[in-house]
**Student:** 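This is the structure, below, for whatever I ask next.
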Amino acid sequence: MHILSEQERIRREALNEMRNMGIDPYPAAAYDVSHAIKSLLHDFEEGVEVKLSGRLMSRRIMGKASFGELLDSSGRIQAYFNRDELCIGEDKTMYNTVFKKLLDIGDFIGIEGATFTTQTGEPSVMVKSLTVLGKALRPLPVVKKDEDGKVYDAFTDPELRYRMRYVDLVVNEGVKETFIARTRIIQSMREYFNNHGYLEVDTPVLQPIPGGAAARPFVTHHNALDIPLYLRIANELYLKRLIVGGFDGVYEFSRNFRNEGMDRTHNPEFTVMEIYVAYKDYHWMMAFTEQMLEKIALDLHGTTKVPFGDHEINFKAPFRRVTMLDAIKEHTGYDISEMDEPGIREVCRKLEVEVNETMGKGKLIDEIFGEKCEGHFIQPTFITDYPIEMSPLCKRHRDNPELTERFELMVNGTEIANAYTELNDPIDQRERFEEQVRLQERGDDEAMYIDQDFLRALEFGMPPTSGMGIGVDRLVMLLTGKTSIQEVLLFPQMRPEKWETGPDLNSFKALGVPEQWLEHLPAAGFTSKEELLEAKPTAVHQKLNGFRKKNKLDIPALLLEEVQAWYN
RNA sequence: GAUCUCGUAGCUCAGCUGGUAGAGCAGCACACUUUUAAUGUGCGGGUCCUGGGUUCGAGCCCCAGCGAGAUCACCA
């Protein structure tokens, strides 16, 4: 138990008083409402009998009448509490005591009454009946907004907002909308795939070999099997096994886990949608992807134009297509298409792109692209035909064996999707994995492991297939105008909070402190037995009785002799 | 992991050259029957992130730690 602040103590006292009055602050019965607030406001009419529920978010008390705001999941409405409307008879306790004294901002209440419009033109509810549905014991931050929509005292500290997302969702406008948008984006995507007849599947999160991507995995241990298991870094190799098994198209919203840095674009767990479709190639997949994004933008915003920062991004298909080598030529002036590794190294030096000895030709090209080109692609652009070294799961380009049939979709200067014509030649695949092992030995810690079962599956034959993965979190960021991944994850990873262990009331009890006093000692400034015994008995005696008087505690005052007895 | 910045009341923030901790909102009390960032009067509320150090004296200076943010590295 933490030490209660004054405001928390006052709310607990109100809670007890409600119980003493026979009001259950946490009633069990369902409270069926007549309207969601948003829909009530949407076609607002006067004189409609309504029953609403929600949190009390503000109160403006003026003697016998008060205004408050009720917040439900859909919106806010003003409620008018008039003493004589709420309390028809002589007994005015419901207004004078329950509403004015015992309710607080943040409490859940139900109201029944009739709609009307105030003199200032505000749609409101004249409250005839009030029900307490759930008392809040902690004060909610009060965020206020003036006529111009200017926000005061917003709850802004990112640490507190992410740790206490429940508070963030209640008091900060727009937070809920972001997460509703996230779900709608996912629904739109799922609908698109289902309409094409592709099957949503689930593949293992716990994997014996962390394959399908180059990343550092989380390791755990399975006791019964006594083996290490890895949290998946990708699901690609499993989905391709399903294509081997005969599905035409499979997709999965895959929570992936990577044991790497955390910042405003990286969370240890994140969501990627991956889809694999048989008998298709990456040209088909580009068209499929751009149409998907156009649909998502339309479903979410009703237009393909999405504002983001200073830009407006247009998801209208088709998107521009540029080969990686052309992109490099476009943004650096160097044509590296005919160059060998030393030649490209020289270009890196001239461009002041940082490289090291472990990097192969492909990696060098990727570095140039990442440093000099990536950031320039604001409007959706497909970058195609990547070097073979950095694409070990991708089929060789039909016209150039040094390249692969791969594209990445760049939007707003970052990659949001990645796709291949998948490699289905098992012998080539085995050699590519072995090349990865050589890179690993050279020091490239991003190189991949060899998944023998995956190779076996390919040896049974996989139809030509195209696969695409899209970062769901980043897509949501783009479509909601957020610049940090923490804003689109309900519960982003944070360092665990340190909790006060709390005062040890039992140790006070052992000293002989009366039962009724135990809970008040920490509030009065004594959090441990040691702390108490360090002070003089006379000081303790005065401090505790002073606390009793100040807080009007309904317990007997302590005698000095009683306090002295604790010291023996 | 590195560098920089920040951590003060429930929330948002001031706090001078080191000299007894402040404001607004929220809370409590009183007044007020159509307000809307309601208003007026009064009153409470603090481990100044934690632990050391310097000093007669530390919210402020120094050291260490914890947490967060920004930049970078790695990654998507």
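Since we're looking at a predicted model, the values are computed, not measured. Numbered from 1 within each chain, the chains take letters A, B, ... in sequence-line order. Atoms considered below: every heavy atom in the structure, side chains included; atoms not considered: hydrogens, waters and symmetry mates.
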**Student:** With rounding to the closest Å, how many angstrom separate the C1' atoms on B:rU8 and B:rA21?
**Tutor:**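 After rounding to an integer number of Å, I get 9 Å for this pair.
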**Student:** Using a 4.0 Å heavy-atom cut-off, does A:Asp104 contact any base of the nucleic acid, only the sugar-phosphate backbone, or nothing at all?
**Tutor:**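 Sugar-phosphate, no base atom in range.
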**Student:** Would you please confirm or rule out a distance under 4.0 Å between OP1 or OP2 of B:rA68 and any side-chain N or O of A:Arg495?
**Tutor:**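 Yes, within the criterion.
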**Student:** Can you tell me which nucleotide in B:rU35, B:rA76, B:rA70 comes closest to the side chain of A:Glu415?
**Tutor:**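 Shortest atom-to-atom distance from the side chain points to B:rA76.
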**Student:** When you measure from the side chain of A:Asp263, which nucleotide among B:rA37, B:rU34, B:rA73 comes out closest?
**Tutor:**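 Ranking B:rA37, B:rU34, B:rA73 by closest atom to the A:Asp263 side chain puts B:rA73 first.
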**Student:** Is A:Tyr152 stacked against the base of B:rG24, taking the criterion as centroid distance under 5.5 angstrom and interplanar angle under 30°?
**Tutor:**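 No; by the centre-distance and plane-angle rule, A:Tyr152 does not count as stacking on B:rG24.
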**Student:** Quick one: label A:Gly261 by what it contacts on the DNA or RNA (base, sugar-phosphate, nothing), any heavy atom closer than 4.0 Å.
**Tutor:**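 Since a base atom lies under 4.0 Å of A:Gly261, the category is base.
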**Student:** Could you tell me whether the side chain of A:Gln78 has a donor or acceptor atom within less than 3.5 Å of a complementary atom in the base of B:rU35?
**Tutor:**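 Check passes, donor-acceptor contact within cut-off.
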**Student:** If you look at every strand shown and take non-hydrogen atoms under 4.0 Å, does A:Asp84 touch a base, only sugar-phosphate, or nothing?
**Tutor:**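 Touches a base.
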**Student:** Does A:Arg76 reach a base, just sugar-phosphate, or nothing at all? Heavy atoms under 4.0 Å.
**Tutor:**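 Result for A:Arg76 = nothing.
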**Student:** Establish, from distance only, whether the side-chain atoms of A:Arg474 and A:Thr414 form a donor-acceptor pair under 3.5 Å.
**Tutor:**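 Result is no, nothing qualifies.
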**Student:** If you look at every strand shown and take non-hydrogen atoms under 4.0 Å, does A:Lys145 touch a base, only sugar-phosphate, or nothing?
**Tutor:**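 The answer is sugar-phosphate, as A:Lys145 gets under 4.0 Å only of primed atoms, P, OP1 or OP2.
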**Student:** Assign each of A:Pro158 and A:Ile10 to its nearest nucleotide of RNA chain B by heavy atoms, then name whichever residue's nucleotide is nearer the 5' end.
**Tutor:**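 The 5'-side residue here is A:Ile10.
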**Student:** When rounded to the nearest Å, what value does the distance between C1' atoms of B:rC13 and B:rC48 take?
**Tutor:**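 Rounded to whole Å, the distance is 13 Å.
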**Student:** Check every strand shown and say whether A:Glu69 touches a base, only sugar-phosphate, or nothing at a heavy-atom separation below 4.0 Å.
**Tutor:**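 Here A:Glu69 touches no strand at all.
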**Student:** Using a 4.0 Å heavy-atom cut-off, does A:Thr156 contact any base of the nucleic acid, only the sugar-phosphate backbone, or nothing at all?
**Tutor:**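 Sugar-phosphate, no base atom in range.
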**Student:** When the C1' atoms of B:rU12 and B:rU71 are considered, how many whole Å apart are they?
**Tutor:**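 It works out to 26 Å between them.
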**Student:** Do side-chain atoms of A:Arg232 reach the backbone of A:Ser254 as a donor and acceptor pair under 3.5 angstrom?
**Tutor:**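 No; zero donor-acceptor contacts below 3.5 Å.
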**Student:** Output the rounded distance in Å from CD (A:Glu487) to P (B:rG69).
**Tutor:**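 About 10 Å, once rounded to whole Å.
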**Student:** Quote, to the nearest angstrom, the C1' distance that separates B:rC25 from B:rG44.
**Tutor:**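 My reading of the C1' atoms in B:rC25 and B:rG44 gives 16 Å.
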**Student:** Tell me what A:Ile105 touches on the nucleic acid: a base, only sugar-phosphate, or nothing, going by heavy atoms under 4.0 Å.
**Tutor:**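 Here A:Ile105 touches the backbone only, sparing every base.
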**Student:** Taking the nucleotide of RNA chain B with the nearest heavy atom to each, does A:Pro139 or A:Lys101 sit closer to the 5' end?
**Tutor:**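 Result of the comparison: A:Pro139.
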**Student:** Say we look at B:rA31 and B:rA38: how far apart would their C1' atoms be, to the nearest angstrom?
**Tutor:**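 B:rA31 and B:rA38 have their C1' atoms separated by 14 Å.
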**Student:** What distance, rounded to whole Å, do you find between the two C1' atoms, one in B:rC32 and one in B:rU39?
**Tutor:**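 Nearest-Å result for B:rC32 against B:rU39 at atom C1': 9 Å.
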**Student:** Salt bridge between A:Glu487 and A:Arg161, side-chain N to carboxylate O under 4.0 Å?
**Tutor:**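 Salt bridge present between A:Glu487 and A:Arg161.
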**Student:** With a 4.0 Å cut-off, would you call A:Asp104 and A:Lys135 a salt bridge?
**Tutor:**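 Salt bridge present between A:Asp104 and A:Lys135.
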**Student:** Reckon A:Arg264 has a side-chain N or O less than 4.0 Å from the OP1 or OP2 of B:rU71?
**Tutor:**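 The answer is yes; a side-chain N or O of A:Arg264 sits under 4.0 Å from OP1 or OP2.
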**Student:** Under 4.0 Å, heavy atoms only, any strand: does A:Asn267 hit a base, just the sugar-phosphate, or nothing?
**Tutor:**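 A:Asn267: base contact, heavy atoms under 4.0 Å.
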**Student:** Taking B:rU55 as the reference, what is the distance to B:rG46 when you measure between their C1' atoms (whole Å, please)?
**Tutor:**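 After rounding to an integer number of Å, I get 24 Å for this pair.
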**Student:** Please give the distance between the C1' atoms of B:rG53 and B:rC11 as a whole number of Å.
**Tutor:**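 The answer is 34 Å between these two C1' atoms.
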**Student:** Roughly, in whole Å, what's the span from CG in A:Leu160 to P in B:rC6?
**Tutor:**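 After rounding, the gap between these two atoms is 19 Å.
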